[in-house]
Every structure is written in C-alpha cells, then in structure tokens.
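The chains referred to below are lettered A, B, ... by the order of the sequence lines, with proteins before strands, and numbering in each begins at 1.
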Amino acid sequence: MERLGIEVEDKKPKAKEVGLQELPGTHENIVLRFAPNPSGPLHIGHSRAAVPNAEYVKRHNGKLILRIEDTDPKRVYEPAYEMIPEDLEWLGIKPDEVIYQSDRFEIYYDYARQLIEKGAAYMCTCDGATFKELKDNCKPCPCRDNSVEENLELWDKFDTMDAGEAVLRVKTDINHKNPAIRDWVAMRIVDEEHPRLGTKYRLYPMMNFSVAVDDHLLGLTHVLRGKDHLANTEKQKYLYDHMGWDVPEYIHYGRLKMEDIALSTSKAMEGIEEGTYSGWDDPRLGTLRAIARRGIDPRTIYDLITEMGVKMADSAISWKKIYGLNRNFLEPVANRYFFCENPQLIEVEGYDDGSVDIERPLHADHLDRGNRILPFDGKVYLAESDIKDGIFRLMDAVNVNINGEEITYHSTSFEDAREIKARIIQWVPVDDNVNVKIVMDDASTKEGLGEGALRDLEVGDVVQFERVGFARLDEIKDDELVFYYAHK
RNA sequence: GCUCCGGUGGUGUAGUCCGGCCAAUCAUUUCGGCCUUUCGAGCCGAAGACUCGGGUUCGAAUCCCGGCCGGAGCACCA
C-alpha cells in the first residue's frame with residue numbers, strides 16, 4: 001500500500017516540476033519580482049524572466065511583485081504600462097503588487113543623502129572621459145576625497161546644475177579587478193519629459209541604485225536576473241554593504257536566443273512606425289501578443305520556459321519545439337474543417353447519385369461534438385494544388401479520376417479508394433461555403449474557400465484545416481473569415 | 001584587449017555539488033510502421049549526445065589542469 005501511495009504521488013507533479021531547480025535560500029515567505037523596463041509590450045525573451053519568478057512564487061506560496069522600471073524617460077513607451085500587465089495575464093501570471101519606480105524618486109533621494117552622510121557616496125564633477133581614464137588606471141578622481149560637508153553642499157545644488165555637470169557616485173573599490181565595478185554612478189541629471197512625471201524631477205536614479213534600494217525595501221528574498229546583470233549584482237552588493245543590509249539570494253540565468261526572429265523591441269517599433277509591421281501583434285514579431293494571435297497556447301511558452309529553468313548556459317528556443325508542444329494543446333480542442341486554397345470549381349463527370357449530405361465529425365476523437373454537414377452533388381471546389389493527374393478520393397464522398405481538365409467518377413466506397421491507394425483530398429461544397437483568408441507566420445496570405453460550418457465559429461477559436469494546419473480565427477468580416485496560421 | 005560565465009543528441013532538458021546503480025532521462029525533431037478515411041493529424045516503434053587533450057582514480061558526463069568554441073559585461077541604458 002505504501003508503494004501505491006508513492007506511485008500516485010510521483011505521477012502528479014511530474015510535468016510541473018521539470019526543469020526548474022530548487023530555489024536556494026529560504027522557501028518561507030519568499031518575495032520575488034519581475035522588473036521590466038516599459039519600452040514596449042512583452043517579448044518572448046521577457047518570459048525568461050517572468051515565468052521562473054512566477055513559478056517559484058506559485059510553488060512556495062510567496063509574493064510576486066511587478067516592478068515597472070521607468071527611470072529612463074528616453075526609454076519609456078507609454079502604452080507599455082498597459083500592455084505589460086495584459087501580457088502577463090495572458091501568460092497566466094498575476095502579480096500580487098505593482099510598483100512604479102517613478103513613484104519613488106523621493107525615496108531614492110533620501111537614500112542618496114544617507115549614503116553621502118555615511119561617506120559612501122560622493123558628488124563627482126569630472127567629465128566622463130576624465131573619470132574613465134583615471135578609473136581604468138585604478139586612480140581615484142579628485143572628487144572622491146571631498147568631505148561629507150562638501151558633498152552635501154553639492155548634492156543640495158545638484159538640481160540646479162546642467163545635465164552632465166555632475167553625478168553621484170557610490171564608492172566601491174577603486175582597485176577592483178573589474179574596472180566596471182569601480183565607483184559607479186547612482187544619480188544623474190536628465191532633462192527629458194517623463195510620461196508619468198512630466199518635468200517634475202531632473203535628478204534621476206541609475207538602474208543599479210534604484211534597483212538595489214527597491215529590492216531591499218520591498219523585501220526581496222531572491223533576485224532572478226539574466227547573466228548580463230552579473231556585474232550589476234556585484235555593484236549593488238557594495239550598496240548593501242554600505243547600508244548594512246542583507247543581500248538577497250541572486251540567481252542568474254543565461255541568454256535566450258530565438259530562432260529566426262531576433263527582433264528587438266526598438267526594431268519592432270521602428271518597423272511598426274514605418275508600416276512594415278501591422279502592429280505589435282504582427283505575426284512576424286516575437287511579442288507575446290503576436291504569438292497569442294497565432295493561436296499559441298500560453299501554457300506552451302510557460303512550460304517551455306519552466307523546463308529551461310534558470311541555468312547560466314544560454315539556450316536557443318526553436319519554433320519546432322514550440323509548435324510540437326503547442327500541438328499537444330491544440331490537437332484535442334481544435335475541430336477539423338475543409339479549406340481549399342485557390343479553389344477551382346470542378347464537376348465530376350459520370351456522377352449520378354444526386355445530391356447527398358456528407359457528414360463528418362468535428363473531431364474524430366470526440367464524436368460527441370457532433371458532425372458537420374457538407375452537401376455533395378458532383379460539383380465541388382478543389383484546391384488548385386490538389387488537381388493533379390491520378391485517382392483521388394474526395395474525402396467521405398466519391399473517388400475520382402483526374403486527367404488534365406477531365407475529372408470523372410470512379411467509384412464511391414472507401415474500400416475502393418484503399419484498394420487503388422487513392423490519396424484523400426479535401427473539398428468544399430458549391431452551395432455552402434465561406435471565404436477564408438489565412439495569414440501565415442511570414443504575413444503572407446492564403447486565400448480560398450472553407451466549408452460552411454466555419455460560420456459557427458467565434459473569434460479566438462482554433463481549428464485545424466485538414467492537411468493545412470492549425471489556425472486561429474482572428475476576425476469575422478461580412479464576407480470573409482480571417483485566420484492566423486499557427487503551425488502544422 | 002580586459003573582467004566574468006558557460007559547453008550533454010538538430011533543439012530544449014535530467015544527471016555534475018556528494019565519481020560507480022549512466023552502454024546517459026524526458027520532451028521536441030527526424031525516419032519507419034499502423035490507422036473504415038488528415039500523402040500534412042493521431043497511434044506505435046526506431047534513430048540521435050556527454051567540446052577536445054592530458055591528469056587523479058580500480059572506476060569520470062561527473063574531480064583537477066590546459067586548449068578549443070560560445071556568451072555576457074567593460075555607460076551619466078535597463
């Protein structure tokens with residue numbers, strides 16, 4: 001009986017526990033965050049960060065914070081404030097709390113001052129090039145020796161200086177073997193209008209500063225981030241040290257490479273503005289909304305990213321894998337229909353059984369869903385590419401012999417078709433059909449006719465056009481149904 | 001160039017910390033077969049990998065050293 005219990009338990013969590021390694025550190029009351037820069041909607045690359053955070057929180061019943069990192073007005077795309085939560089919701093991720101860094105400037109100012117008072121930060125009026133020259137040679141810049149009083153005085157007039165005239169630096173180790181770590185910038189002046197703040201502030205925190213302050217203040221227990229932040233983690237640790245804070249558990253994951261599309265948010269935006277792309281959900285883009293529009297189930301992405309886990313090695317995501325996984329979700333739900341691209345009207349010569357109603361199940365494995373009815377009377381549409389010499393079976397109807405322009409009746413039974421190894425092709429009734437357009441993943445289109453039963457569908461339904469592939473109904477027009485193609 | 005980090009089938013992973021039970025897991029992919037009916041779905045089966053060279057050891061995917069390859073960072077971006 002013990003054996004029985006174990007077996008049952010082993011089977012349940014199997015699929016979900018795959019990939020994601022156990023979280024280091026505490027598992028009690030964990031607090032994690034997903035912290036995107038609002039420069040556009042979420043890209044598939046963002047799921048690399050969002051999914052593991054959400055999954056860990058789910059497994060350990062912790063708290064997930066969505067923190068919008070909008071501390072660079074030049075890199076804020078206003079609609080992204082709305083789009084990011086929508087995209088997360090699509091992925092099935094519900095943050096427990098949403099924080100905007102642009103609401104927290106006074107907090108950053110407060111901690112900046114504290115650092116200065118502790119002698120852990122200084123106002124630097126060197127120009128960038130000069131500082132870099134000194135820093136690269138392990139030499140402190142003259143400002144580093146300013147007294148706390150001098151620094152406070154400069155800090156107080158910081159707001160009246162010109163952009164570039166001064167910055168606030170956090171002291172690290174001027175001899176650190178990695179030059180990038182040496183005395184990094186915490187605050188700078190930005191004269192740019194912020195979508196949420198307007199021109200209220202001129203003193204902007206640098207990412208390393210606001211992130212460290214917030215990670216601490218928000219009680220983060222673990223910080224999951226890409227390995228491109230490895231050096232930043234080290235920088236931020238100096239700040240924790242200065243403040244006497246406990247560092248969270250840091251976990252770094254490798255880069256996610258996407259086969260084919262390497263489109264950055266900025267490139268996508270450019271393409272949209274130029275009209276190359278129809279919008280953020282253009283099927284060629286790697287945004288979550290584009291993927292969703294094509295009928296990719298969010299669980300496909302969620303499960304795949306979970307399987308990849310948080311290891312440091314880079315990984316490349318392949319469409320084949322996505323399609324393969326997605327097919328598992330779509331296959332049982334997608335009902336089957338006939339579609340003929342570039343339909344050609346043909347008449348089966350010698351057919352004289354009159355008009356019959358052909359019934360086919362919506363799904364061969366789920367007969368309870370009922371049948372579609374396709375009236376057949378010897379005149380049908382066939383896909384242009386299916387009209388080739390030979391004997392074919394018009395699925396569920398009759399077998400025909402195609403010889404050039406001539407299409408003649410051969411037989412009716414399926415057994416006859418098998419015997420002569422006739423291929424089966426789909427057809428569309430002359431009397432009951434609907435215009436169909438399928439937008440492919442490269443934005444090209446297939447136009448043709450589909451069977452009349454397609455009129456029962458609603459936007460968002462995913463179907464399988466037999467021998468064509470899975471597609472999601474995107475729009476119902478007066479005289480046409482527009483589908484977006486997913487995959488075979 | 002400097003600093004740091006990686007390298008298991010085509011792709012994504014398990015195993016690496018605590019060497020043997022790994023002639024290496026699972027998924028996807030590809031191929032083959034099956035199917036009273038999708039030449040493109042489904043079902044079944046098969047194929048396919050420890051980056052290389054040394055070393056330690058009775059024994060190494062696992063530990064050590066070196067090479068090769070790949071990636072990231074080196075901003076008043078995040």
Would you please confirm or rule out a distance under 4.0 Å between OP1 or OP2 of [N] and any side-chain N or O of [X]?
| X | N | answer |
| --- | --- | --- |
| Thr71(A) | C77(B) | no |
| Arg467(A) | C39(B) | yes |
| Ser318(A) | U28(B) | no |
| Lys132(A) | A75(B) | yes |

Within a strict 4.5 Å, meaning less than it, do heavy atoms of the [X] and [Y] side chains meet?
| X | Y | answer |
| --- | --- | --- |
| Arg104(A) | Leu217(A) | yes |
| Tyr122(A) | Asp183(A) | yes |
| Asp303(A) | Leu325(A) | no |
| Thr287(A) | Leu42(A) | no |
| Leu218(A) | Arg33(A) | no |

Can you tell me the distance, in whole Å, between the [atom1] atom of [X] and the [atom2] atom of [N]?
| X | N | atom1 | atom2 | answer |
| --- | --- | --- | --- | --- |
| Trp319(A) | U28(B) | CH2 | C1' | 15 Å |
| Asp72(A) | A78(B) | CG | C1' | 8 Å |
| Arg75(A) | A78(B) | CZ | C1' | 5 Å |
| Ile296(A) | U28(B) | CD1 | C1' | 14 Å |
| Met312(A) | U13(B) | CE | P | 15 Å |
| Lys235(A) | C4(B) | NZ | P | 16 Å |
| Leu20(A) | A14(B) | CG | C1' | 14 Å |
| Glu192(A) | A78(B) | CD | P | 13 Å |

Quiz prompt | Reported SG-to-CZ distance for the pair Cys340(A) and Arg467(A), which is rounded to 0.5 angstrom | solution =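 Cys340(A) SG to Arg467(A) CZ: 9.0 Å, rounded to 0.5 Å.
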When the [atom1] atoms of [M] and [N] are compared, how many Å lie between them, rounded to an integer?
| N | M | atom1 | answer |
| --- | --- | --- | --- |
| C50(B) | C63(B) | C1' | 16 Å |
| C69(B) | C64(B) | P | 23 Å |
| U29(B) | U11(B) | C1' | 7 Å |
| C22(B) | A14(B) | C1' | 11 Å |
| C26(B) | U8(B) | C1' | 13 Å |
| U57(B) | G10(B) | C1' | 35 Å |
| C44(B) | A23(B) | C1' | 25 Å |
| A49(B) | U25(B) | P | 12 Å |

Quiz item: When we call it a touch if two heavy atoms are under 4.0 Å apart, what does Glu69(A) touch: a base, just sugar-phosphate, or nothing?
Solution: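 Sugar-phosphate, no base atom in range.
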Quiz item: Asp314(A) near the nucleic acid: base, sugar-phosphate alone, or nothing, with a heavy-atom cut-off under 4.0 Å?
Solution: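 Contact class for Asp314(A): sugar-phosphate only.
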Quiz item: Does Tyr323(A) have any ring pair (Phe, Tyr, Trp, His ring centres under 6.0 Å) partners at least two apart in sequence or in another chain, and if so, which?
Solution: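 By the ring pair (Phe, Tyr, Trp, His ring centres under 6.0 Å) rule, Tyr323(A) matches Trp319(A), His487(A).
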Quiz item: By ring pair (Phe, Tyr, Trp, His ring centres under 6.0 Å), which residues pair with Tyr100(A), not counting sequence neighbours?
Solution: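 Tyr100(A): ring pair (Phe, Tyr, Trp, His ring centres under 6.0 Å) contacts with Tyr81(A).
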Quiz item: For RNA chain B, whose closest nucleotide is more 5', that of Ala316(A) or that of Phe414(A)?
Solution: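 Between the two, 5'-proximity favours Ala316(A).
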Please list, pair by pair, any protein nitrogen or oxygen found under 3.5 Å from a nitrogen or oxygen in nucleotides 42-51 of chain B.
none

Measuring from the side chain of [X] (C-beta onward, heavy atoms only), which nucleotide among [options] has the closest atom?
| X | options | value |
| --- | --- | --- |
| Arg423(A) | A78(B), C39(B), U13(B) | C39(B) |
| Leu325(A) | A27(B), C77(B), G12(B) | A27(B) |
| Lys488(A) | A78(B), G40(B), G71(B) | G40(B) |

Quiz item: Should the ring pair Trp155(A) and Phe158(A) be called parallel, tilted or perpendicular, given that the plane angle runs from 0 to 90° and is split at 30 and 60?
Solution: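 Tilted, since the angle between the ring planes falls between 30° and 60°.
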Restricting to side chain to side chain donor-acceptor pair (under 3.5 Å), what partner residues turn up for [X], sequence neighbours left out?
| X | result |
| --- | --- |
| Tyr238(A) | His176(A) |
| Lys227(A) | Asp314(A) |
| Asp396(A) | Arg360(A) |
| Glu331(A) | Arg336(A) |

Quiz item: Is there a donor on the side chain of Lys321(A) or the base of A27(B) sitting less than 3.5 Å from an acceptor on the other?
Solution: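 Counting by modelled atom types and ignoring angles, a donor-acceptor contact under 3.5 Å is found here.
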Practice problem: Please confirm whether Phe339(A) and Phe483(A) have ring centers closer than 6.0 angstrom. | Solution: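 They do not qualify: ring centres at least 6.0 Å apart.
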Quiz item: Is it true that Trp427(A) and Phe392(A) have ring centroids separated by less than 6.0 Å?
Solution: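 Between Trp427(A) and Phe392(A), the centre distance exceeds or equals 6.0 Å.
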Quiz item: Is Asn178(A) reaching over with its side chain to a backbone N or O of Ala180(A), donor-acceptor style, under 3.5 angstrom?
Solution: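 Indeed, once roles are kept as given, a pair shorter than 3.5 Å links the two residues.
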Report all side-chain donor-acceptor pairs from residues 128-135 of chain A shorter than 3.5 Å, counting only partners two or more places apart or in another chain.
{"unit_1": "Thr130(A)", "atom_1": "OG1", "unit_2": "Asp127(A)", "atom_2": "OD1", "d": "3.1"}
{"unit_1": "Thr130(A)", "atom_1": "OG1", "unit_2": "Asp127(A)", "atom_2": "OD2", "d": "3.1"}
{"unit_1": "Lys132(A)", "atom_1": "NZ", "unit_2": "Asp136(A)", "atom_2": "OD2", "d": "3.0"}

Quiz prompt | Contiguous pairing runs of three or more, Watson-Crick or G-U under 3.5 Å, that involve RNA chain B | solution =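 As far as RNA chain B goes, consecutive pairing (with distances under 3.5 Å) yields the stems B:1-7 with B:68-74, B:10-12 with B:26-28, B:29-34 with B:42-47, B:51-55 with B:63-67.
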For RNA chain B, which residues of [range] approach it to below 4.0 angstrom with any heavy atom?
| range | result |
| --- | --- |
| residues 201-213 of chain A | Pro205(A), Met206(A), Met207(A) |
| residues 165-184 of chain A | Val167(A), Lys177(A), Asn178(A), Ala180(A) |
| residues 227-234 of chain A | Lys227(A), Asp228(A), His229(A), Ala231(A), Asn232(A) |

Exercise. Could you tell me whether Asp297(A) and Arg472(A) make a salt bridge, using a distance below 4.0 angstrom between a side-chain N and a carboxylate O?
Key: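 No, this pair does not count.
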Quiz item: For Leu154(A) and Glu150(A), what are the C-alpha separation, side-chain angles and deciding distance, and is it a side-chain contact (heavy atoms from CB on, under 4.5 Å)?
Solution: CA-CA 6 Å; Leu154(A) 277 169; Glu150(A) 287 171 304; 5.6 Å; no
